[in-house]
Participant: 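I am attaching a structure below and will ask some questions about it afterwards.
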Amino acid sequence: NEPEKESEKAPEKTAKEKNTNESENSLELLCALVQAQENDNETIKALKKQLKPKTKEKPEEVIHFSSKRKYSGMVLKDKTYLLGAPERLMNETVPIVTEQVKKAVEEGYRVLVFGEQEKKGGFQTLALILLSNPIRSGAEEIFAYFQDNGVEIKVLSGDHPLTVSAVAKKAGIANAD
């Protein structure tokens, strides 16, 4: 009789390899969600320009963006994935994610969170997306001109108030706090 051979096992993946696989999967899911959306707003247009399709999978259901809800999403393989405003989607209290969002918002970034809506009502963050719009050249001079002539400038935006305030300050708008 031959001695029993030790069964060949695939080596365990390292934490780095697992994180890389999870990140690649999250990116594929995000691409699928973005590509399934209609080109009805500038955010989706910008994301489509940057995120090229990484998967051929098509969602079973598409949840189009609503400014009232502040998110869009998709259902894929009986899982719901959402992309939108952190203050609407994140009901988790993961300090590092919460701190990252807060810091980015205070720096003037528009933050989107991408994650999975859990069956029990929770939300598992898979990625944070930071967006910024460059301030047009000459904007500071234009705002200064209006302010010097007694025009009070008001900013209307659906973005987080801290993001709007930070961008308004960068643009030279008085009383942007």
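Only heavy atoms go into these numbers, but all of them, side chains included; no hydrogens, no water, no symmetry mates.
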Participant: Could you tell me if the side chain of Leu51 sits less than 4.5 Å from the side chain of Cys31, heavy atoms only?
Facilitator: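 Yes, side chains in contact.
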
Participant: Between Arg110 and Val105, is there a donor-acceptor pair closer than 3.5 Å when you use the side chain of the first and the backbone of the second?
Facilitator: no

Participant: Can you tell me how far the CE atom of Met74 sits from the CG atom of Leu30, to the nearest 0.5 Å?
Facilitator: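 Interatomic distance, Met74 CE to Leu30 CG, rounded to 0.5 Å: 8.5 Å.
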
Participant: Output the distance between atom CG (Leu47) and atom CD (Gln35), rounded to the nearest 0.5 Å.
Facilitator: 9.5 Å

Participant: Considering all heavy atoms of both residues, which atom of Gln147 and which atom of Gly172 are nearest to each other, and what is their separation?
Facilitator: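 What the structure gives for the nearest pair is NE2-O, 3.3 Å.
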
Participant: Using the side chain to side chain contact (heavy atoms under 4.5 Å, CB included) rule, pick out the option among Val34, Ile63, Leu89 that qualifies with Leu83.
Facilitator: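 Single pass found, and it is Val34.
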
Participant: Got a donor-acceptor contact below 3.5 angstrom from the Ser66 side chain to the Lys68 backbone?
Facilitator: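 At least one qualifying donor-acceptor pair exists.
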
Participant: If hydrophobic clusters are built by linking Ile, Leu, Val, Met, Phe, Trp and Tyr wherever their side-chain heavy atoms come under 4.5 Å apart, do Ile135 and Val155 end up in the same one?
Facilitator: no

Participant: In Å and rounded to the nearest 0.5 Å, what is the CG to CG distance from Leu126 to Leu27?
Facilitator: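 The CG atom of Leu27 is 11.5 Å from CG of Leu126, to the nearest 0.5 Å.
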
Participant: Closest heavy-atom contact between Ile173 and Ala176?
Facilitator: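 Heavy atoms only, the tightest pair is O-CB, 3.5 Å.
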
Participant: Counting only N and O atoms by type, is there a donor-acceptor contact under 3.5 Å from the side chain of Glu87 to the main-chain atoms of His160?
Facilitator: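 Not a single qualifying donor-acceptor pair exists.
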
Participant: If I compare all heavy atoms of Glu38 with all of Lys48, which pair ends up nearest, and what's the gap?
Facilitator: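 Taking Glu38 first and Lys48 second, the nearest heavy atoms are C-NZ, 4.2 Å.
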
Participant: So, for Gly108 and Thr163, which heavy atoms are closest and what is the spacing to 0.1 Å?
Facilitator: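 Gly108 and Thr163 have their closest heavy atoms at O-CG2, 3.5 Å.
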
Participant: More than 12 heavy atoms of other residues, nucleotides or ligands under 6.0 Å from OH of Tyr81: yes or no?
Facilitator: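 Correct, the count exceeds 12.
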
Participant: For a 4.5 angstrom cut-off between non-hydrogen side-chain atoms, does Gln37 reach Leu33?
Facilitator: yes

Participant: Hydrophobic cluster membership, with links at side-chain heavy-atom distances under 4.5 Å among I/L/V/M/F/W/Y: are Val167 and Val164 in one?
Facilitator: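 Val167 does not cluster with Val164.
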
Participant: Measuring only between side-chain heavy atoms, which start at C-beta, is Phe143 closer than 4.5 Å to Ile153?
Facilitator: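 Yes, side chains in contact.
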
Participant: Check step by step if side chain to side chain contact (heavy atoms under 4.5 Å, CB included) holds for Tyr145 and Val151.
Facilitator: CA-CA 9 Å; Tyr145 171 81; Val151 177; over 6 Å; no

Participant: Tell me if a side-chain donor or acceptor on Arg69 pairs with a main-chain N or O of His64 at a distance below 3.5 Å.
Facilitator: yes

Participant: So Ile129 and Val111, side chain to side chain contact (heavy atoms under 4.5 Å, CB included) or not? Walk me through it.
Facilitator: CA-CA 6 Å; Ile129 297 130; Val111 180; over 6 Å; no

Participant: Hey, are the side chains of Val113 and Phe123 touching, using non-hydrogen atoms and a 4.5 Å cut-off?
Facilitator: yes

Participant: Atom OG1 of Thr80 and atom CD of Glu61: how far apart are they, to the nearest 0.5 Å?
Facilitator: 7.5 Å

Participant: Can you give me the closest heavy-atom contact between Glu106 and Ala166, atom names plus distance?
Facilitator: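 Glu106 and Ala166 have their closest heavy atoms at O-CB, 3.5 Å.
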
Participant: Verify the neighbour count for atom CG of Asp148: are there more than 12 heavy atoms of other residues, nucleotides or ligands below 6.0 Å?
Facilitator: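 Counting other residues, nucleotides and ligands, CG of Asp148 exceeds 12 neighbours.
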
Participant: Starting from the C-alpha separation in whole Å, work towards a yes-or-no answer on salt bridge (Lys or Arg N to Asp or Glu O under 4.0 Å) for Lys103 and Glu99.
Facilitator: CA-CA 6 Å; Lys103 183 177 185 236; Glu99 281 304 309; over 6 Å; no

Participant: So, taking the atom named CD in Glu116 and the one named CG in Leu76, what distance separates them when rounded to the nearest 0.5 Å?
Facilitator: 10.5 Å

Participant: I need the minimum non-hydrogen distance between Asp78 and Glu60, along with the two atoms involved.
Facilitator: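 Reported closest heavy-atom pair: N-OE1, 3.4 Å.
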
Participant: Could you go through Glu42 and Lys45, starting from their C-alpha distance and side-chain angles, then the distance that decides it, and tell me whether this counts as salt bridge (Lys or Arg N to Asp or Glu O under 4.0 Å)?
Facilitator: CA-CA 5 Å; Glu42 293 304 313; Lys45 287 178 187 175; 3.5 Å; yes

Participant: Should we count CG of Asn41 as having more than 12 external heavy atoms under 6.0 Å?
Facilitator: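 Yes, because the 6.0 Å sphere around CG of Asn41 holds more than 12 heavy atoms from other groups.
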
Participant: For Glu107, does its backbone N or O pair with a side-chain atom of Lys170 as donor and acceptor, under 3.5 Å?
Facilitator: yes

Participant: Quick check for you: to the nearest 0.5 Å, what is the distance between Phe65 atom CZ and Ile44 atom CD1?
Facilitator: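 Taking CZ in Phe65 and CD1 in Ile44, the distance rounds to 8.5 Å.
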
